[in-house]
Visitor: 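Input: one structure, supplied below.
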2 protein chains.
Amino acid sequence: MDEATFLKTYDKRKFDTPLISVDSTLFTYHDHQLKVLLVKRSNHPDLDLWGLPGGFIDMQQDKSIRDTVLRKLEEKTKVIPPYVEQLQCVGDANRDKRGWSVTVCFSALIAHQDCEVGIADVSDAAWVAVDTLKDQTLAFDHQAIITVALERLRQKALYSIVPAYALPEQFTLPELQQLHEVLIGKTIQKKSFRRRIEQAELLEDTGEKRYEGGRPAALYKMKEASGEYTFVRNLEG
Amino acid sequence: MDEATFLKTYDKRKFDTPLISVDSTLFTYHDHQLKVLLVKRSNHPDLDLWGLPGGFIDMQQDKSIRDTVLRKLEEKTKVIPPYVEQLQCVGDANRDKRGWSVTVCFSALIAHQDCEVGIADVSDAAWVAVDTLKDQTLAFDHQAIITVALERLRQKALYSIVPAYALPEQFTLPELQQLHEVLIGKTIQKKSFRRRIEQAELLEDTGEKRYEGGRPAALYKMKEASGEYTFVRNLEG
DNA sequence: TGCTTAAAGTGTCATAACGACACTAATAGA
DNA sequence: TCTATTAGTGTCGTTATGACACTTTAAGCA
């Protein structure tokens, strides 16, 4: 049998395959706290529990997994976050009561102000401070997924400025430093932090200043070029 | 409807879901070359092309994705590699001619001598030097997957000693250094390299020596404790 | 036995990165 | 114009890193 004939007669529905979904941990920084977006489940299983935004791949709508992730995030926030990164894949026989289930986990960052509105009119979504999470029971293994996402973000705070995507487009260095300090859980030397920023050459001085308190702080934004790592480093490109 | 009733009546076969598979890039170091294990496809599509060892999840046999990966690798090599790491997941509508397909990619390392025998009696598997790969046409997007796996392994050569898992259980530092040099594509200062090794405290002097050439070289092995990062850092534990 | 060759392994110095901390700069408000 | 407040810089001592010469331990051989 040649390949063309094979493909014509191939029907994958003959096989019983695992469920496959995506789940995103969307972080933001607000009120001096790191928060994640949680969504109240409106379906079984784990009905009414809070969990991560995500869902099943729609083979008609989605051309790739990335499409699924962005579609699901947009449904909840009305916007597409500037940073989305694939975390890892989890799959086993027990994580979902419906049976063998695989989920592709993503970590994303967005400025709080950029999706405040979007969330307001979806009453089943909420920003939850990560510190208050340990007490809650979340759907499926979402608690564990968040833990991994958080750990990874913390690592990034040490050697990159990726966390900046959790801030508005323009931000001051003291703001960014504060975020990093919240992430790694201790204070950072101002000088060391700024040296790292400068060396990375990923930020651009907008020329504008923010006036509040004492000396005004310079407003920075991400350079265009840093776009190369704003997205899933995957096989698509 | 309560959850129990829901689960009883739930039939996921109603939904048409993507194909889901795993693929592993198994590296080894032999003859001063980095090699990957390739397998000749015995089924459509891409029949007779070489590709990565992998396959579909068997929901009966496999309790988790890790089980699937190890099972597939063991089928080809008769052994379980000492280092297996999840790389990333790729999924889209076109990577497999059969339709929407998701694959979870893994990177693994093994000593050449530990699976020479295993491969010998599976004539459809072969070690291929990565340098000779660019010319070949591989099945699906496996070429791209290998590129990503290789890139990641190269990164690891810079700041870790993970590549050591591509060597036999006991090895000398000059051997390990040579492997690292092949990976990063340039020579490394002996002293710098050894300093890093020492600081990491992941290797243990076995007390034995290897005699060949000039002064005998001390044989080292991984400390037990380094086992913590020999496996998929995943949500299972 | 001692010389040569070869490869393993160490000592050391100049340079670069990093933490600590004191200093200067720019604003608001009294 | 003085003070409080926050932003941003200068500088020094310590630590990590690269370069390279040196010592060590074996084999082979006169």
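The figures here come from the full heavy-atom set of this structure, side chains too, leaving out hydrogens, waters and symmetry mates. Within every chain, numbering begins at 1; the chains are lettered A, B, ... in the order of the sequence lines, protein sequences first and strands thereafter.
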Visitor: Go through residues 168-179 of chain A and report each residue with a non-hydrogen atom lying under 4.0 Å from DNA chain C, sorted by number.
Guide: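 When residues 168-179 of chain A is checked for heavy atoms under 4.0 Å from DNA chain C, there are no hits whatsoever.
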
Visitor: Taking the side chain as every heavy atom from C-beta outward, state whether B:Thr103 and B:Cys89 have any pair of such atoms under 4.5 Å apart.
Guide: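 SC-SC contact between B:Thr103 and B:Cys89 ruled out.
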
Visitor: Between the side chains of A:Lys76 and A:Asp124, is the shortest nitrogen-to-carboxylate-oxygen separation below 4.0 Å, so that they form an ion pair?
Guide: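 A salt bridge links A:Asp124 with A:Lys76.
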
Visitor: When the ring planes of B:His142 and B:Phe140 are compared, do they come out parallel, tilted or perpendicular, using 30° and 60° as the limits?
Guide: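 Because their plane-to-plane angle lies in the 30° to 60° range, the rings of B:His142 and B:Phe140 count as tilted.
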
Visitor: Check whether any side-chain heavy atom of B:Leu150 lies under 4.5 Å from a side-chain heavy atom of B:Phe27, and answer yes or no.
Guide: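 Yes; the side chains approach each other to less than 4.5 Å.
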
Visitor: Can a salt bridge be assigned to the pair B:Arg71 and B:Glu74 using a cut-off of 4.0 Å between side-chain N and carboxylate O?
Guide: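 No salt bridge links B:Arg71 with B:Glu74.
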
Visitor: In whole Å, what is the span from the OH atom of A:Tyr211 to the P atom of D:dA7?
Guide: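 One finds 14 Å between P of D:dA7 and OH of A:Tyr211, rounded.
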
Visitor: For DNA chain C, which residues in residues 185-193 of chain A have a heavy atom at a distance below 4.0 Å?
Guide: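 Within residues 185-193 of chain A, the residues near DNA chain C are A:Gln189, A:Lys191, A:Ser192.
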
Visitor: Name each donor-acceptor pair under 3.5 Å that joins a side chain in residues 182-195 of chain A to protein atoms two or more places apart or in another chain, with its distance.
Guide:
none

Visitor: With heavy atoms under 4.0 Å as the rule, sort B:Glu212 into base, sugar-phosphate or nothing.
Guide: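 No contact at all - B:Glu212 keeps every heavy atom at 4.0 Å or more from the nucleic acid.
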
Visitor: Counting C-beta onward and ignoring hydrogens, is there a side-chain heavy-atom pair between B:Leu219 and B:Lys209 closer than 4.5 Å?
Guide: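 A side-chain contact is absent here, since even the closest heavy-atom pair is not under 4.5 Å.
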
Visitor: Sub-3.5 Å donor-acceptor pair from the side chain of B:Gln86 to the main-chain atoms of B:Val104, do we have one?
Guide: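 No, B:Gln86 side chain to B:Val104 backbone: no donor-acceptor pair under 3.5 Å.
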
Visitor: Could you say whether B:Arg196 or A:Ala218 is positioned toward the 5' end of DNA chain D, judged by the nucleotide with the nearest heavy atom to each?
Guide: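 Nearest nucleotide further toward 5': that of A:Ala218.
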
Visitor: Does C:dG9 have OP1 or OP2 sitting under 4.0 Å from an N or O in the side chain of B:Arg215?
Guide: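 So the side chain of B:Arg215 is outside the cut-off, no N or O lying under 4.0 Å from OP1 or OP2 of C:dG9.
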
Visitor: Heavy-atom nearest nucleotide on DNA chain C for A:Arg195 versus B:Arg194: which residue maps closer to 5'?
Guide: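 Looking at the nearest nucleotide for each, B:Arg194 comes out on the 5' side.
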
Visitor: Between A:Lys209 (NZ) and C:dA28 (P), how many Å, whole number?
Guide: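 Atom NZ in A:Lys209 sits about 13 Å away from atom P in C:dA28.
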
Visitor: Taking CD from A:Glu198 and C1' from D:dA7, how many angstroms apart are they, rounded to a whole number?
Guide: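 Atom CD in A:Glu198 sits about 15 Å away from atom C1' in D:dA7.
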
